[in-house]
Amino acid sequence: MNLNATLLGQMITFALFIWFTMKFVWPPVMKALQERQGKIAEGLAAAERARHDLELAQKKAVELLHEAKKQAAEISEAAHHRGTQIVDEAKTKALEESQRMLTAARQQIKQEIDQARRELREQVANIAVLGARKILTRHMDEAANSELIKDLIQEI
Amino acid sequence: MSATGTITSSEYIQHHLHHLMFNLKTMSIGNGGFWTIDLDSIFFAVLLGFIFLTLFTFAARRVTSGVPGKLQNFVEVMIEFADNQVKETFHGRSNLIAPLALTIFIWVFLMNFMDLLPVDLLPRAAGAMGIDHLRIVPTADPNMTFGLSISVFFLILFYSIKIKGVKKFTKELTLQPFNSWLMIPFNFVLETVGLLAKPISLSLRLFGNLYAGELIFILIALLPWWGQWPLGGIWAIFHILIITLQAFIFMMLTIVYLSMAHEDH
């Protein structure tokens, strides 16, 4: 074991290498490592946020679906209700109309009956008068006959 | 290898344990006492350091906070590994310690890894180019491990003084474990030994493991060819664990020592 000046040379070399590592190797790699660490942390946080958002969205979707179902049921019920209402209304209207027409027809019939009766009465009267005139032309006693006619008319 | 025939086993081993030395006083190849550079150790250490830094800088330049590529992934794993080790052990705030830990781990690992290359491969290739001696494992050279640990030691001293102040640090060295004026010399000796033991144990542990590993590879290379591959294979597989573990231990202990330097006792 003989120590010599190699030792000094080695010390100088060592110092230079350490300096070089400290200056040119260590900082950029360390910086990149820290940056990547930051990126990963950010990514994890973003994933967590996204997961949370997804959960919220799912909850919201379920709520909306529920709401929509409820609304649909309501609408269908209302439509059903309205349908029966319309049918009922139509029924009553038809009934009313038929009633109205019936009464109108009855009235008309009555009027026509009255009319016929009146005409008939006049014709009978005319016939009676005609008959009486014929009788009178044969029997001169008109006075007695007219009395008879009057009675006749009254009877009719 | 044993087949080289003309040289004996001990010559072979000694040849393998000989550094490519450069004498700074005469400016020529050869051993010149302290003012000598182990060219092979320095060369491979710097080369591996450059491979590490080039790879990591290349990844750091094209780094993205989006989806990382394979290289970036690897670099990030290593950096996070070092950063986590520092965060678990060291509770202060420092921009130096984590990059320091990363540099130590990767660089020491790569230097240790040279031990897994066949012991004769690169020395033979160098021999063919006219270079007599070549040791390719920088961490099996005490100069290299001491170079690392003494640097760490200076950092320990620096942070001890910076965080605690000279007064408190001196108190720590002189008034522990026996808080009495009479015991100051004894305390000082004890604490100094404790302090110096840190870099010495740090470097000797790494050096010892890798030197022993290398030596065993050399010894295995002396066996006849049919004995080499099973033993060499087993030792290499086991050695994968050792080189990683030693790099990790060096890094961990550096972090622990530096965090101790930051804390009050």
Side-chain angles (χ1 to χ4, degrees), chain A residues 1-69 71, chain B residues 19 21-24 31-39 41-42 45-46 49-50 52-53 55-57 59-68 72 75-76 78-80 82-83 95-96 98-100 102-104 106-107 138 141-148 150-152 154-155 204 207 211:
Chain A
M1 214 175 91
N2 41 0
L3 291 174
N4 55 33
T6 315
L7 189 144
L8 301 175
Q10 171 73 347
M11 282 168 71
I12 295 163
T13 317
F14 187 40
L16 283 175
F17 283 176
I18 294 169
W19 172 79
F20 195 87
T21 311
M22 222 169 96
K23 193 94 183 168
F24 297 109
V25 175
W26 199 265
V29 177
M30 231 35 203
K31 196 168 149 252
L33 283 175
Q34 271 159 5
E35 268 172 27
R36 186 167 323 122
Q37 217 169 22
K39 271 186 190 172
I40 289 170
E42 230 167 69
L44 284 176
E48 183 62 26
R49 261 204 312 278
R51 208 179 57 78
H52 191 69
D53 284 355
L54 180 68
E55 224 166 63
L56 277 183
Q58 270 174 344
K59 218 179 263 176
K60 182 122 193 196
V62 168
E63 248 168 45
L64 278 177
L65 196 68
H66 207 71
E67 187 94 348
K69 267 185 186 166
Q71 266 181 359
Chain B
H19 280 289
M21 288 175 174
F22 184 77
N23 190 332
L24 288 173
N31 195 345
F34 181 78
W35 291 107
T36 307
I37 289 278
D38 294 342
L39 281 180
S41 296
I42 284 282
V46 171
F50 270 121
F52 152 58
L53 289 177
L55 197 71
F56 273 57
T57 313
R61 281 267 168 88
R62 308 189 332 166
V63 80
T64 160
S65 63
V67 181
Q72 193 189 333
V75 168
E76 277 177 11
M78 294 321 295
I79 283 183
E80 282 202 302
D83 199 41
N95 290 329
L96 172 72
L100 168 75
L102 177 77
T103 312
I104 288 176
I106 308 277
W107 195 26
D141 180 351
N143 288 308
M144 307 308 283
T145 59
F146 270 103
L148 293 173
I150 289 173
S151 303
V152 171
F154 283 151
L155 280 176
L204 285 184
F207 161 70
Y211 186 81

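No hydrogens, no waters, no symmetry mates; every other heavy atom, side chains included, goes into these values. Note on naming: letters A, B, ... go to the chains in the order of the sequence lines (proteins, then strands), and numbering restarts at 1 for each one.
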From CA spacing to verdict: side chain to side chain contact (heavy atoms under 4.5 Å, CB included), Ile37(B), Asn4(A): CA-CA 7 Å; Ile37(B) 289 278; Asn4(A) 55 33; over 6 Å; no
Residue pair Gln10(A), Asp141(B): steps toward the side chain to side chain contact (heavy atoms under 4.5 Å, CB included) verdict: CA-CA 11 Å; Gln10(A) 171 73 347; Asp141(B) 180 351; over 6 Å; no
Applying side chain to side chain contact (heavy atoms under 4.5 Å, CB included) to Phe20(A) and Thr103(B), what does each step give before you reach the verdict? CA-CA 9 Å; Phe20(A) 195 87; Thr103(B) 312; over 6 Å; no
Passes side chain to side chain contact (heavy atoms under 4.5 Å, CB included), Ile150(B) versus Met11(A)? Steps please. CA-CA 8 Å; Ile150(B) 289 173; Met11(A) 282 168 71; 3.7 Å; yes
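With 3.5 Å as the limit, one finds no donor-acceptor pair spanning the side chains of Thr6(A) and Ser41(B).
Contact annotation for Leu16(A): neither backbone nor side-chain heavy atoms come within less than 4.5 Å of a heavy atom of chain B. Only the side chain of Phe154(B) comes within contact range of chain A, judged by heavy atoms closer than 4.5 Å. At a 4.5 Å heavy-atom cutoff, the contact between Asp38(B) and chain A is made by backbone and side-chain atoms alike. Only the side chain of Leu33(A) comes within contact range of chain B, judged by heavy atoms closer than 4.5 Å. Using a 4.5 Å cut-off between heavy atoms, Ala59(B) makes no contact with chain A at all. Looking at Ile106(B), neither its backbone nor its side chain comes within 4.5 Å of chain A, counting heavy atoms on both sides. With a 4.5 angstrom heavy-atom cutoff, Leu24(B) touches chain A only via side-chain atoms.
The aromatic rings of Phe14(A) and Trp107(B) lie parallel to each other, with less than 30° between the two planes, well short of the 60° mark.
Counting heavy atoms from C-beta on, the side chains of Phe52(B) and Thr21(A) come closer than 4.5 Å.
Across all non-hydrogen atoms, the minimal contact from Ala60(B) to Phe24(A) is CB-O, 3.6 Å. Contact between Met22(A) and Pro99(B) at its shortest, heavy atoms only, is CG-CG, 3.6 Å. Between Ala82(B) and Trp26(A) the shortest heavy-atom distance is CB-CH2, 4.3 Å. Residue Phe34(B) comes nearest to Leu3(A) through the heavy atom pair CD1-O, 3.7 Å, listed as atom of the first residue, atom of the second, then distance.
The residue among Ile42(B), Leu39(B), Leu155(B) with the most heavy atom pairs within less than 4.5 Å of chain A is Ile42(B). When Val46(B), Thr145(B), Asp83(B) are compared by the number of non-hydrogen pairs under 4.5 Å with chain A, Asp83(B) comes out ahead.
Listed for the Arg36(A) side chain is a donor-acceptor partner under 3.5 Å among the backbone atoms of Thr64(B).
Put simply, OG on Ser151(B) and CG on Leu7(A) are 8.0 Å apart, with the number rounded to the nearest 0.5 Å.
Asn31(B) CG: more than 12 foreign heavy atoms inside a 6.0 Å radius.
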